[in-house]
Undergrad: 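Got a structure here, written out as structure tokens. Questions coming.
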2 protein chains.
Amino acid sequence: MENGKTGDKRHLRSIMTRQKLLEAAKEIFLEEGYQAALISQMIKRANIGYGTAYVHFKGKEDLLIVLMENVMEQFYEIAETFFFPKSKDEAKHIINRQANAFLKMAEAERNMMQVFEQAIGISTIISDKWKAIRMKFIQRISQDVAYAQQNGLARTELNHELVARGWFFTNEMYLWEIVRNEHQSSVEEISQTITSVYVEGLYV
Amino acid sequence: MENGKTGDKRHLRSIMTRQKLLEAAKEIFLEEGYQAALISQMIKRANIGYGTAYVHFKGKEDLLIVLMENVMEQFYEIAETFFFPKSKDEAKHIINRQANAFLKMAEAERNMMQVFEQAIGISTIISDKWKAIRMKFIQRISQDVAYAQQNGLARTELNHELVARGWFFTNEMYLWEIVRNEHQSSVEEISQTITSVYVEGLYV
DNA sequence: CAAAGAATATGACACAGTGTCAATAAGTTA
DNA sequence: TAACTTATTGACACTGTGTCATATTCTTTG
């Protein structure tokens, strides 16, 4: 007996069922997109009874949320970069790296992000999840701008909160462009260009 | 007989029916949002027979598209401002005015824009409509950046297309914030701040 | 101006998908 | 092995959509 609990085949089976469904759901979401994906398809693909799905999840939305959590984590990690530049150039370098990492995520997780984008438009809960990520980034950037202002690196007449939002928004929209595969230029060129305008516009 | 056609009560009635349905649809969309709005509700509100709705429109999506056309027009008008600045300061002034007008639209049409935002996430056709507006703006801005570069007003080492997108994206995201009523600052302060960072970052 | 014809409107119906729940199966405990 | 607990199941009721044969209303024609 490897754990305290006595034999627990039942619980194990339940976990397997849940897992099977999650995997099937991911496949269907990727194949069909959020809107067109049907719970009934997922159930069929997972080879479980119809009602079973509703034992494990409240519905389509609930399933996607679980699937997204993974991707979310990665975003949170990016948001937590250190930022204590000593010069405008150093700042530019750090900022460029972060913007780049952010956009690279879009490429790496493109397929799930496509589903996610659709879901944001439809499901309030999922939209809120994304808003939380956005807020985290904006707060972080806002703090960084304030730091740069306090250290005489950035123009102080600007509202750092507003600047932070504006900067994040540019990044976010490029992220969605990349997700949709609508971007012409390389991620490197994009992050360099937007970083350049931003840093030259904000820093002194 | 005021027009060439002979008596045409039938056609007139048809137009009235269509109109009644459009008005009811607008009400329902505003009350319920795109997703939750039901065709059946609209039909009931318009006091017409169930099947009649499908004579005039293909479905919910089709109804919204017609309702949006009006708002769309206003955006196109904003996109068509003249831009031939002689100095950085003049450029800043024009750009600020345009950003402001753009964001003011969000305030003015907030309710319909909220419905629109949801619909963009769901309906391909509506999403395409918005993309067309975005493209129009980006093309216009792109052209303006190129003009400024050619006249020695803006840094030439930057890809004007990429800069234009970045700048529009900031504007667009603030637009949606305003639509969702999530903005803290006044539209004036927002447009001034983002314009300042943009112009200082791009112009020499 | 009545009958034929054309345009419009109608709602019953078939269909698709969802979520629930009483019944059943499978596993655990004593 | 009987009693109990947990997990699974699919038939069913429900909601909303889009279609289509039929009815209504108006226009034209002889």
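The chains referred to below are lettered A, B, ... by the order of the sequence lines, with proteins before strands, and numbering in each begins at 1.
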Undergrad: Could you check how far CE of B/M42 sits from P of D/dG16, rounded to whole Å?
TA: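 About 13 Å, once rounded to whole Å.
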Undergrad: Tell me: CD of A/E32 to C1' of C/dG17, nearest whole Å?
TA: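 To the nearest whole Å, that distance equals 14 Å.
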Undergrad: For A/R45, is there an ion pair with A/E23 - N to carboxylate O distance below 4.0 angstrom?
TA: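 Salt bridge absent between A/E23 and A/R45.
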Undergrad: Taking NZ from B/K9 and P from D/dT28, how many angstroms apart are they, rounded to a whole number?
TA: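 Computing the B/K9:NZ to D/dT28:P distance gives 13 Å.
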Undergrad: Mind calculating the distance between CD1 (B/I39) and C1' (C/dG11) to the nearest angstrom?
TA: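 Going from B/I39 (CD1) to C/dG11 (C1'), I get 15 Å.
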Undergrad: Measure across A/A99 and A/T195 and return the closest heavy-atom pair with its distance rounded to 0.1 Å.
TA: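 Minimum heavy-atom separation between A/A99 and A/T195: CB-OG1, 4.1 Å.
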Undergrad: Is the phosphate of C/dT20 approached by A/Y54 (side-chain N or O, under 4.0 Å from OP1 or OP2)?
TA: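 For C/dT20, neither OP1 nor OP2 has a side-chain N or O of A/Y54 closer than 4.0 Å.
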Undergrad: Taking NZ from B/K20 and P from C/dT8, how many angstroms apart are they, rounded to a whole number?
TA: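 Going from NZ in B/K20 over to P in C/dT8 covers 15 Å.
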Undergrad: Hey, can you tell me if B/Y198 and B/Y203 have their rings parallel, tilted or perpendicular (30° and 60° cut-offs)?
TA: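 Perpendicular: the ring planes of B/Y198 and B/Y203 meet at over 60°.
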Undergrad: Would you check if there is a donor-acceptor pair between the side chains of B/W130 and B/E172 at a distance under 3.5 Å?
TA: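 A pair is found: one side chain offers a donor N or O, the other an acceptor, under 3.5 Å apart.
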Undergrad: Considering residues at least two apart in sequence or located in another chain, which fulfil the ring pair (Phe, Tyr, Trp, His ring centres under 6.0 Å) criterion with B/F169?
TA: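 Ring pair (Phe, Tyr, Trp, His ring centres under 6.0 Å) check on B/F169 returns A/Y174.
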Undergrad: Heavy atoms under 4.0 Å is the rule here; annotate nucleotides 6-13 of chain D 5' to 3' with B where the base is hit, S where only the sugar-phosphate is, and - elsewhere.
TA: SSBBBB--
Undergrad: Output yes when A/K104 and A/E109 qualify as a salt bridge under the 4.0 Å nitrogen-oxygen rule, no when they do not.
TA: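 No.
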Undergrad: Please state how far atom CE in B/M16 lies from atom C1' in D/dT25, giving the value in whole angstrom units.
TA: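 Roughly 15 Å, once rounded to whole Å.
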Undergrad: Starting at CG of A/L63 and ending at C1' of C/dT18, how long is that distance when rounded to a whole Å?
TA: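 Taking CG of A/L63 and C1' of C/dT18, I get 14 Å after rounding.
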Undergrad: Rounding to an integer number of Å, can you tell me how far A/I43 CD1 sits from C/dT20 P?
TA: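 Spelled out: CD1 on A/I43 to P on C/dT20 is 12 Å.
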Undergrad: Taking OP1 and OP2 of C/dT18, is either one under 4.0 Å from a side-chain nitrogen or oxygen of A/S40?
TA: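 Yes, because at least one side-chain N or O of A/S40 sits under 4.0 Å from OP1 or OP2 of C/dT18.
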